Amino acid sequence: MVGKGYLTEIESERHRVVFNGNGAGAEVSIDGDSFEASHVWLDESGQNLLVLLGGRSFDFRIEEEDDRLMLTYNGRRYRGLVTDEHLADLKRRAGISDTPTGRTAVKAPMPGLVVKVLVALGEEVTKGQRLVVLEAMKMENDVKAPRPGRVTNVAVDAGQPVNGGAELLVIE
Amino acid sequence: MVGKGYLTEIESERHRVVFNGNGAGAEVSIDGDSFEASHVWLDESGQNLLVLLGGRSFDFRIEEEDDRLMLTYNGRRYRGLVTDEHLADLKRRAGISDTPTGRTAVKAPMPGLVVKVLVALGEEVTKGQRLVVLEAMKMENDVKAPRPGRVTNVAVDAGQPVNGGAELLVIE
Amino acid sequence: MKMKRVLVANRGEIAVRVIRACRRIRLESVAVFSEADRAALPVRMADFACLIGPAAPGESYLNIDRIIAAAHRYKADAIHPGYGFLSENPVFAARVVDEGLTWIGPPAEAISLMGDKIAARRLITKQGVPIVPGSDGPITDPAAALAEAQKAGFPILLKAVAGGGGKGMRLVEKPEDWIASFEAAAREAERAFGDGRMYWEKYLQQPRHIEIQILGGPDGKAISLGERECSIQRRHQKVIEESPSTVVDPDMRARMSQAAVTAAQGCGYIGAGTVEFLVDRDRNFYFLEMNTRLQVEHPVTEAVTGCDLVIEQFRIAGGNGWTPPPLPPEPFGHAIEFRIYAEDPQNNFLPSPGTLSVYREPQGPGVRVDSGVYQGGEVPVHYDPLIAKLVVWGRDRTEAIGRAQAALEEFAVGGVATTIDVHRRVIAHPEFVNGNTTTDFLPRYLASTDGDAPIDADLRRALAVAATLYTRRQTERRSRTVGSGSASPERSDWLAAARREGVRRWSVLN
Amino acid sequence: MKMKRVLVANRGEIAVRVIRACRRIRLESVAVFSEADRAALPVRMADFACLIGPAAPGESYLNIDRIIAAAHRYKADAIHPGYGFLSENPVFAARVVDEGLTWIGPPAEAISLMGDKIAARRLITKQGVPIVPGSDGPITDPAAALAEAQKAGFPILLKAVAGGGGKGMRLVEKPEDWIASFEAAAREAERAFGDGRMYWEKYLQQPRHIEIQILGGPDGKAISLGERECSIQRRHQKVIEESPSTVVDPDMRARMSQAAVTAAQGCGYIGAGTVEFLVDRDRNFYFLEMNTRLQVEHPVTEAVTGCDLVIEQFRIAGGNGWTPPPLPPEPFGHAIEFRIYAEDPQNNFLPSPGTLSVYREPQGPGVRVDSGVYQGGEVPVHYDPLIAKLVVWGRDRTEAIGRAQAALEEFAVGGVATTIDVHRRVIAHPEFVNGNTTTDFLPRYLASTDGDAPIDADLRRALAVAATLYTRRQTERRSRTVGSGSASPERSDWLAAARREGVRRWSVLN
């Protein structure tokens with residue numbers, strides 16, 4: 001295998017991606033298997049990417065959402081996370097941890113009005129548990145726990161208007 | 001009339017445009033008549049402009065073509081040319097002429113192959129006269145004189161491939 | 001007096017729909033817009049546009065005085081209300097007429113009558129149209145009502161007389177819960193509508209929701225344009241609608257049409273309206289309510305009849321008499337509508353407002369999209385998250401479903417999450433394919449799946465490559481920006497690369 | 001053997017059209033592309049994509065070996081040729097079959113026969129189908145041919161036996177020009193086709209061009225799907241097509257259909273094909289030629305029959321027998337197609353390649369757009385400048401024209417010039433509105449107008465304001481870029497302004 005690559009997580013499954021070769025016979029190695037590959041950035045937004053991989057054509061839209069990527073293909077969305085092995089190496093040597101700190105801020109997905117806070121400080125929550133009810137776009141919407149953990153901060157009260165992206169509470 | 005304005009030519013007819021006021025009651029004066037006005041740049045391209053003028057809504061696309069503007073409204077294209085009175089003033093004072101030099105380079109509107117050159121050096125041509133036949137996009141296309149004048153340079157020969165924008169000949 | 005200029009008292013896709021109809025018959029249009037909609041598509045498309053207030057609907061799209069003032073200011077001579085907002089407000093309808101403007105909708109009296117659920121039930125019963133068994137008036141004595149309800153059989157649905165949108169509604173499974181449910185629902189209705197009156201209906205289990213589109217002529221005679229099946233619902237909101245229904249045959253269509261026409265004529269209905277029915281397993285149908293406006297799902301009827309319902313509304317309201325449109329003897333082919341919401345199905349259908357960084361609609365034979373947005377535009381947080389309606393037509397239902405799958409795949413939206421993928425999964429479901437869907441189908445299906453169908457290995461690898469390429473490019477751009485000090489490093493870099501490769505925008509992996 | 005994966009040997013809108021059909025019936029698709037089309041829409045939409053060579057058609061879309069190699073490499077089991085390029089090349093059709101692939105088109109023999117104009121005329125005459133009076137073989141003795149031609153009456157059209165695209169064609173107004181014209185045309189034909197053989201036809205003055213769409217079944221039986229009127233032409237290229245024709249009544253339709261079916265069955269035709277006729281002022285029709293492929297204008301037939309012609313092509317070629325599609329007894333409504341070219345009508349229709357900075361297609365009931373481009377994509381200089389086809393459907397011709405006007409206005413294209421405005425003017429012309437158009441209409445109209453209809457005063461003022469705002473903004477941006485030294489002055493400036501105003505992207509004039 002040539003040089004360093006990337007560790008790329010797609011929907012929680014990790015792959016090692018290494019780009020090899022140059023010019024027309026370009027290849028990419030994925031988890032050790034080689035494929036002929038080429039790509040085109042379709043416009044100046046940098047969000048529309050066409051990938052030809054082993055002859056198959058894939059038309060992706062890519063957006064950043066928090067620290068992750070959201071890729072859309074044929075109407076379905078997929079989550080991705082990419083780590084540069086070279087940078088990870090440097091960090092490791094510098095003693096910077098690459099694992100998550102365990103602190104997750106739960107944010108308002110849109111501006112709205114907090115209708116109810118369903119959990120209390122210190123409470124243990126399970127993944128998917130309803131945490132906050134937010135009224136926006138004419139409807140009441142549930143904000144659910146993205147992971148299990150303990151609520152270590154509650155930043156809002158019922159009746160309070162919040163901006164999109166505002167921290168509602170913290171799970172650790 | 002408040003301050004300096006712009007001299008704006010639309011399809012060869014000239015108008016004086018002055019922006020007045022600020023905030024919600026904004027107005028524009030056109031050839032001395034005042035109109036309530038507002039506008040929105042519709043996206044980051046800067047080419048899509050919505051103008052509300054006296055209540056009427058106009059959805060324009062604007063592009064630059066050589067030194068002119070090309071505005072599209074409801075599928076039809078209109079030519080525009082804008083002169084800033086303030087800049088024109090400065091130029092006038094500095095002795096810089098604002099009138100055209102009388103030299104017009106006729107350019108290839110697209111890449112192609114010169115099939116025929118229909119005029120000779122020194123020839124007088126009328127507006128709309130066929131000057132060059134260019135083969136492109138599977139078809140033979142006529143390049144016509146944008147103005148009357150004398151041909152003072154012929155830069156291409158029959159059989160020669162040319163890039164889009166290449167100077168074909170000059171009329172003075 | 002000929003109608004010349006129509007004010008469209010709405011926003012989003014339905015405002016665009018009405019403006020398109022105006023352009024097609026050379027009527028001028030006036031868009032009204034809130035501060036949140038200054039760059040919205042209806043404002044771009046209308047001949048005139050008038051800012052009427054802040055984003056909050058009460059100060060703009062629900063504000064009767066401001067809309068009337070806009071109509072006078074821009075010399076509109078008619079008002080089309082779309083759906084939602086003021087479309088079923090009899091005060092507005094009456095006011096429009098009082099101001100000397102043409103109201104593109106039914107008479108205020110018909111709106112009032114059908115808006116009072118008890119009055120509507122009484123009228124319909126009198127006309128011999130079957131209704132869902134239930135109380136014949138507001139509940140005055142809950143205990144006495146319980147006895148009656150027990151005769152009809154539990155479960156029972158308690159509903160607010162002034163109701164709508166599921167508020168003040170309670171499903172009562174057993175008689176023991178009756179009193180508590182009644183009191184809670186009445187309190188809720190009182191809070192929501194200032195009217196705590198309740199009535200009850202027998203709760204039909206696993207019904208279908210089928211409705212009849214009618215057009216009432218100025219002479220009081222109504223015609224039916226056939227049915228729409230709207231059983232795919234979530235939170236009492238229709239999600240997918242189609243015409244014809246898989247359970248309606250010509251005889252049943254004729255009987256339902258007759259019932260709908262009777263209902264419409266009975267309330268003096270003029271214009272486009274919809275009579276909703278519930279249909280039980282034995283294909284008995286029961287009047288549910290009448291919607292006194294253009295429906296969201298009107299395009300499926302247009303697709304199978306060839307009739308432009310908005311233009312028919314104008315013709316009826318025009319005051320020069322009206323000839324009913326020619327209709328095919330049977331529905332021509334099959335049409336399905338999909339409501340595309342800016343909601344995130346992977347996150348409990350939370351609304352997903354934002355800027356549409358990518359927006360490309362599907363195309364091809366039998367595909368229509370009604371939307372109120374455009375690439376680069378915004379989905380504001382203040383309003384309903386419906387951004388588009390995809391309507392596919394096929395010679396038969398199978399062809400329509402095939403076209404729908406392809407069109408849903410082709411529908412490219414970036415910047416906001418949408419319900420497109422849910423539609424794809426629903427129409428691939430055997431129950432949908434077989435046409436065996438009742439109103440509980442979608443909630444049941446959504447509860448049974450987490451939406452994570454396995455990812456094909458080729459796609460998974462391509463996703464990994466795409467994500468990696470994106471990250472690599474971002475990293476490179478950032479480092480170049482810092483290093484070069486150029487005002488616009490990206491573009492020049494881009495062009496240089498293109499020149500190297502000989503073709504703009506093409507690159508091979510290296 | 002069931003067809004599973006189709007290679008589409010074409011580009012642009014027709015490649016997209018075929019790929020859409022594949023997706024709808026769950027066939028996989030393989031796009032082939034030249035270096036100029038790496039980012040083209042068909043490449044994005046297909047399941048597989050294969051680079052086959054440089055931009056020049058001879059090295060890519062016309063290169064049989066490379067296309068066959070791509071088919072084998074990506075395991076395609078069928079090839080659809082679209083129109084143009086190799087679609088009417090009998091060598092290619094035969095080769096595809098020899099390679100064990102399914103050819104989505106008529107037998108090579110039928111292509112050959114109909115491609116030889118003399119052989120086609122002989123066959124058709126033998127079948128009793130009326131043809132334009134003319135020579136029954138290639139001209140061997142020009143002087144003898146002149147005598148015959150004089151009997152038919154001048155003017156006469158000299159045509160190349162191997163002809164196409166207007167090459168080797170000469171209109172001869174009077175007998176004195178006969179010899180010179182013959183020699184010039186033969187030389188041109190020799191140069192263009194390597195075959196200098198000529199024949200002659202009587203030149204019908206002000207004819208209509210009307211054609212019949214047929215589908216030939218694998219059993220040799222053909223059916224007619226009715227006519228298309230294609231009289232709006234420029235440089236012998238169709239520009240606007242519609243169905244039904246304003247001059248064809250049910251009886252004439254039946255007679256033309258019968259003639260077309262006879263012609264198709266006579267040459268063993270299988271698949272979709274078109275028999276073209278010229279129609280004179282007395283509504284006599286004469287066989288002109290048969291096109292042995294899918295036509296550009298096939299969507300108008302789809303709109304009034306409900307039939308998907310590409311899918312019928314797959315069904316016929318599939319080899320499992322074929323049941324003709326159900327057709328309405330008469331055309332259902334009226335459809336019109338507009339070919340949108342990237343050409344500049346204000347500059348002698350010069351091609352206008354470039355980047356589509358804006359591209360937004362119209363929508364609404366009865367509107368379909370087939371295109372091969374997208375916003376941000378390119379119109380390359382190497383190929384035909386057709387970028388899109390707008391197809392409108394209405395219950396009747398008047399409704400269709402109204403819808404077309406609105407849709408043409410709504411069609412937003414920036415970055416290249418288009419023929420959209422010409423269409424708007426044509427369909428507003430009384431002769432078009434009345435349906436009185438013959439093949440000389442468009443050249444006559446274009447010669448009579450400079451396209452500069454007066455500009456309404458409100459629009460003129462708005463144009464002046466827009467141009468001024470644009471220039472002011474450009475000036476401000478340039479001075480800020482110089483002054484601030486920021487890496488991205490525009491965006492931050494933008495955001496600051498938005499914050500000041502309280503709403504993103506809204507500004508009032510100041």
Side-chain angles (χ1 to χ4, degrees), chain B residues 6 8 10-11 13 15 17 19-24 26-28 30-31 35 37-49 51 53-54 56 58-64 69 71-78 80-82 84 109-112 134 136-139 141-144 164, chain D residues 57 165 235 342-354 357-358 380-385 408-415 417-418 420-421 423-424 451-453 455 458-475 477 490-491 494 505-510:
Chain B
Y6 295 82
T8 298
I10 297 296
E11 292 289 336
E13 216 173 285
H15 304 277
V17 179
F19 298 122
N20 308 312
N22 46 28
E27 278 184 355
V28 61
I30 307 162
D31 301 333
F35 299 88
S38 59
H39 71 282
V40 197
W41 295 100
L42 293 163
D43 55 32
E44 287 174 20
S45 74
Q47 296 202 310
N48 289 294
L49 174 62
V51 172
L53 188 66
R56 274 194 66 178
F58 297 93
D59 189 357
F60 291 114
R61 287 181 302 297
I62 310 178
E63 298 154 70
E64 293 181 37
L69 300 179
L71 297 101
T72 310
Y73 175 71
N74 275 2
R76 183 167 160 196
R77 285 156 51 105
Y78 303 87
L81 181 67
V82 180
D84 182 330
M110 76 224 89
L134 200 64
M137 283 176 133
K138 295 193 357 187
M139 287 196 292
N141 307 285
D142 295 335
V143 179
K144 297 186 174 180
Chain D
R235 291 179 167 185
E343 292 176 343
D344 188 355
Q346 287 169 321
N347 195 8
N348 198 34
F349 291 89
L350 281 178
S352 178
S357 57
V358 176
V381 71
H382 312 280
Y383 310 110
D384 189 275
L408 288 164
E409 286 181 6
E410 210 181 309
F411 210 136
V413 182
T418 74
I420 291 172
D421 188 49
H423 291 304
R424 287 189 54 198
D452 291 343
I455 307 171
D458 284 355
L459 172 57
R460 174 170 276 288
R461 280 190 284 263
L463 284 162
V465 170
T468 310
L469 286 167
Y470 181 86
T471 304
R472 192 178 67 169
R473 181 162 179 262
Q474 292 298 98
T475 311
R477 282 168 63 182
E490 180 198 353
R491 191 171 171 82
W494 211 221
R505 298 188 311 181
W506 174 257
S507 41
V508 283
L509 301 173
N510 67 335

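Residue numbers start from 1 in every chain, and the chains themselves are labelled A, B, ... in the order their sequence lines are given, proteins ahead of strands. Remember, predicted model here, so these are calculated numbers, not experimental data.
In this structure, B:F60 and D:A462 approach most closely via the heavy-atom pair CE1-O, 3.6 Å. In terms of heavy atoms, D:A467 sits closest to B:L71 at N-CD2, 3.9 Å. Annotation for D:R473 and B:G46: closest pair NH1-CA, 3.3 Å, computed over non-hydrogen atoms. The two residues D:G414 and B:E63 have their closest heavy-atom pair at CA-OE2, 3.7 Å. Among all heavy-atom pairs drawn from D:V413 and B:R61, the shortest one is O-NE, 3.2 Å. Of all non-hydrogen atoms in D:A464 and B:V17, the two that sit nearest each other are CB-CG2, 4.0 Å.
A distance of 10.5 Å separates OH of D:Y470 from CG of B:L49, quoted to the nearest 0.5 Å. Separating the CZ atom in D:R460 from the CD1 atom in B:I30 is a distance of 11.5 Å, to the nearest 0.5 Å. A distance of 7.5 Å separates CD1 in D:I455 from CD in B:E13, rounded to the nearest 0.5 Å. Rounding to the nearest 0.5 angstrom, the gap separating the CG atom in B:D142 from the CG atom in D:N348 is 5.0 Å. In this structure, CZ on D:R424 lies 8.0 Å from CZ on B:R76, to the nearest 0.5 angstrom. Here the CD1 atom belonging to B:I62 is positioned 7.5 Å from the CG atom belonging to D:L469, to the nearest 0.5 angstrom.
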Trace of the side-chain contact (heavy atoms from CB on, under 4.5 Å) decision for B:D84 with D:T471: CA-CA 9 Å; B:D84 182 330; D:T471 304; over 6 Å; no
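The greatest number of non-hydrogen atom pairs below 4.5 Å with chain B, out of D:D458, D:I420, D:L408, is found for D:D458. Contact count against chain B (heavy-atom pairs under 4.5 Å) is highest for D:P353 among D:A342, D:G354, D:P353.
Residues passing the side-chain hydrogen bond (donor to acceptor under 3.5 Å, both in side chains) test with D:N347, sequence neighbours excluded: none. Looking at residues two or more places apart in sequence or on another chain, you find a side-chain hydrogen bond (donor to acceptor under 3.5 Å, both in side chains) between B:T8 and D:T468.
At least one side-chain heavy atom of B:Y78 sits less than 4.5 Å from a side-chain heavy atom of D:L459.
The contact between B:R56 and chain D is made entirely by side chain atoms (from C-beta outward), counting heavy-atom distances below 4.5 Å.
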